[in-house]
Amino acid sequence: MMLRSSLAALLLLAAQTSVAAAADCSKKVELCRGQIAVEGLSATLYATLPLRDAHPEIRRALVIIHGTDGNAESYFNTGLTATARSGHAADTIVIAPHFAELADPKSAPKGSLVWDRRSNWRFGELSSAAISPRVHAFAVLDEILSPLADRALYPNLERVILAAHSAGAQYLQRYAVASRDTPGLPPVTYIVANPSSLLYLDARRPVSGSAEFAVPPPSKCETNRYGYGFERSNAYMKRDTAETEIARYRTRRVIYLAGEADTDPNAANLSKTCQAMAQGPMRFARLTAFSHFMDAYYAPHNHRLVTVPGVGHSAGRMFTSPQGLAALFGE
């Protein structure tokens, strides 16, 4: 236990000392790459400022989560670009975690936090069994939000923006359902952009060719199994009842950001599991249907749908579009 505590302390020190100041990021993104300790294991994190230092100048925090390619550096760059275009670079900390997937987790450096290739970190599932302890992916975001809630470090922080695209948006929407409130954290906006599937709050699904919803007939597909519904959920989800999580999700400020051109039913990395297909034929249809589902069965809620004309499956174009910038930085 003492060794684990010492390792955690060393990793936190590395995170504080190895991440450079905001001005360096535009010159060389690698200078903003550091580490964060999650339950004694080390994960890569890009940040414009040392996360656990005091930053009275910061009024906004933007956490941006990568997609299935694991390209956290690219998403970090997108966050920097969006922040600069918004005019808020001077008072915003930009953070981009990396969920590492490895074909052979045993090859990872000792003490690293990694997931097996094609494992469901998108659903908040446990990290690889090849490295101990196993950590729920949702714990990474919990760890990032913890210092942001510390008023001694961020006395003037007014808003936290959690933004994610594609696989990251799958993760974020489920996190918005599963996670508990972080005491002291200022208001949070969840921006869920172009996910391949969503966690539904009950067994109803869109009826193809109509605007209706219905419970699919029994089948081997298990359309309501966890990731797509609440059945057989993981231990992180089971900390609270489904009723508690649904009530909390309805109160959270969620923006569903849908690219109007993300309509290819054969798109690369589009989930084609039977559970995902039960939500619609492609990403735009799935996200807009889920928004309509919330309106039909879970109003009142604090969610809204924003569509982005002419944009397909591109995180950069989504978040730097006028609609994306308004979602990220609009009051």
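The closest side-chain donor-acceptor pair between Ser86 and Thr83, if any, does not fall under 3.5 angstrom. Residues His66 and Asn71 bring no donor and acceptor atom of their side chains to less than 3.5 Å of each other. Looking at Arg252 and Ser179, their side chains do bring a donor and an acceptor atom within 3.5 Å of each other. Looking at Ser197 and Gln279, their side chains never bring a donor and an acceptor atom within 3.5 Å of each other. Counted by atom type alone, Asn302 and Thr251 present zero donor-acceptor pairs between their side chains at under 3.5 Å. Between the side chains of Thr273 and Tyr228, at least one donor N or O lies within less than 3.5 Å of an accepting N or O. Side-chain contact of Ser127 with Arg134: a donor-acceptor pair under 3.5 Å is absent, judged by distance alone. Side-chain contact of His165 with Tyr75: a donor-acceptor pair under 3.5 Å is present, judged by distance alone.
Here Phe213 contributes atom CZ and Asp202 contributes atom CG; the two are 10.0 Å apart, rounded to the nearest 0.5 Å. Interatomic distance, CG of Leu141 versus OG of Ser146, reported as 11.5 Å (0.5 Å rounding). Here the CD atom belonging to Gln173 is positioned 10.0 Å from the CZ atom belonging to Phe123, to the nearest 0.5 angstrom. Atom CG of Leu51 and atom CD1 of Ile93 lie 5.5 Å apart (nearest 0.5 Å). Atom CG of residue Leu328 and atom CZ of residue Arg60 lie 11.0 Å apart, to the nearest 0.5 angstrom. A distance of 11.0 Å separates CZ in Arg317 from CG in Asp262, rounded to the nearest 0.5 Å.
Between Trp121 and Val140, the closest side-chain pair of non-hydrogen atoms is not below 4.5 Å. Here the side chains of Glu143 and Glu39 are not in contact, with every heavy-atom distance at 4.5 Å or above. Side chains of Phe329 and Thr92 form a contact here, defined as non-hydrogen atoms less than 4.5 Å apart. At a threshold of 4.5 Å between non-hydrogen side-chain atoms, the residues Ile131 and Leu113 do not count as touching. A 4.5 Å side-chain heavy-atom check between Phe99 and Arg122 finds every atom pair outside the cut-off. Using a 4.5 Å heavy-atom threshold, the side chains of Ile144 and Val63 count as touching. Looking only at side-chain heavy atoms (C-beta outward), Ser291 and Tyr256 come within less than 4.5 Å of each other. Residues Ser166 and Asn194 have side chains not in contact (no heavy-atom distance under 4.5 Å, counting atoms from C-beta outward).
Shortest non-hydrogen contact noted between Leu270 and Pro265 is CD2-O, 3.3 Å. Looking at every heavy atom in both residues, Asp240 comes nearest to Arg248 through OD2-NH1, 3.2 Å. Closest non-hydrogen pair, Ala167 versus Thr68, comes out as CB-N, 3.4 Å. What you find for Glu222 and Gln275 is that their closest heavy atoms are O-CG, 3.4 Å. Closest non-hydrogen pair, Leu162 versus Leu172, comes out as O-CD2, 3.2 Å. Taking each heavy atom of Leu198 and Arg286 in turn, the nearest pair found is CD1-O, 3.7 Å.
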- Could you go step by step and tell me if Leu148 and Leu145 meet the side-chain contact (heavy atoms from CB on, under 4.5 Å) rule? CA-CA 5 Å; Leu148 297 176; Leu145 295 179; 4.1 Å; yes
- Just do the side-chain hydrogen bond (donor to acceptor under 3.5 Å, both in side chains) check on His55 and Asn156 with the steps written out, would you? CA-CA 8 Å; His55 300 293; Asn156 298 307; over 6 Å; no
- Trace of the side-chain hydrogen bond (donor to acceptor under 3.5 Å, both in side chains) decision for Thr244 with Thr241: CA-CA 5 Å; Thr244 296; Thr241 65; 2.9 Å; yes
- Message: Applying side-chain contact (heavy atoms from CB on, under 4.5 Å) to Arg283 and Asn269, what does each step give before you reach the verdict?
- Response: CA-CA 11 Å; Arg283 293 184 181 95; Asn269 298 319; 4.1 Å; yes
- Take Leu201 and Met294, measure what side-chain contact (heavy atoms from CB on, under 4.5 Å) needs, and give me the verdict at the end. CA-CA 9 Å; Leu201 308 187; Met294 291 297 300; 3.7 Å; yes
- Message: If you apply the rule side-chain contact (heavy atoms from CB on, under 4.5 Å), what do you find for Met318 with Leu257, and how did you get there?
- Response: CA-CA 8 Å; Met318 288 292 289; Leu257 198 63; 3.7 Å; yes
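Note: the hydrophobic cluster containing Phe284 does not contain Val192 (ILVMFWY, side chain heavy atoms under 4.5 Å, direct or indirect links). Leu287 and Met277 are assigned to two separate hydrophobic clusters, defined by single-linkage of ILVMFWY side chains at heavy-atom distances under 4.5 Å. Criterion: ILVMFWY side-chain heavy atoms under 4.5 Å apart, direct or through other members. Under it, Met282 and Leu305 are not part of a common hydrophobic cluster. Side-chain heavy atoms closer than 4.5 Å link hydrophobic residues (I, L, V, M, F, W, Y) into clusters, and following such links, even through other members, never connects Leu126 to Val135. Hydrophobic clustering (ILVMFWY, side-chain heavy atoms < 4.5 Å, transitive): Leu45 and Leu185 are in one cluster.
Checking side-chain atoms of Ser196 against main-chain N and O of Ser271 turns up a donor-acceptor pair under 3.5 Å. Between the side chain of Arg174 and the main chain of Gln170, a donor-acceptor pair closer than 3.5 Å is present. The main-chain N or O of Gly70 is found under 3.5 Å from a side-chain atom of His98 such that the two form a donor-acceptor pair. Proximity of a side-chain donor or acceptor of Arg250 to a complementary backbone N or O of Tyr298 within less than 3.5 Å is detected. A donor-acceptor pair is defined here as one N or O able to donate and one able to accept, closer than 3.5 Å; no such pair exists between the side chain of Ser112 and the backbone of Val114.
Within the cation-pi definition used here (under 6.0 Å to the ring centroid, within 45° of the axis), Arg239 qualifies as a partner of Tyr236.
More than 12 heavy atoms of other shown residues, nucleotides or ligands fall within 6.0 angstrom of atom CD in Glu57.
For Tyr190 and His303, the gap between ring centers reaches or exceeds 6.0 Å. Taking the six-membered ring for Trp, Tyr297 and Phe293 have ring centres closer than 6.0 Å.
The aromatic rings of Phe290 and Tyr200 lie perpendicular to each other, with more than 60° between the two planes, well past the 30° mark. Below 30°, between 30° and 60°, or above 60°: for Tyr171 and Tyr175 the angle between ring planes is below 30°, a parallel geometry.
Comment: Arg59 engages Glu158 in a salt bridge, judged by a side-chain N to carboxylate O separation of less than 4.0 angstrom.
With respect to Leu62, the side-chain contact (heavy atoms from CB on, under 4.5 Å) criterion is satisfied by exactly one of Ile161, Ile95, Ile191: Ile161.
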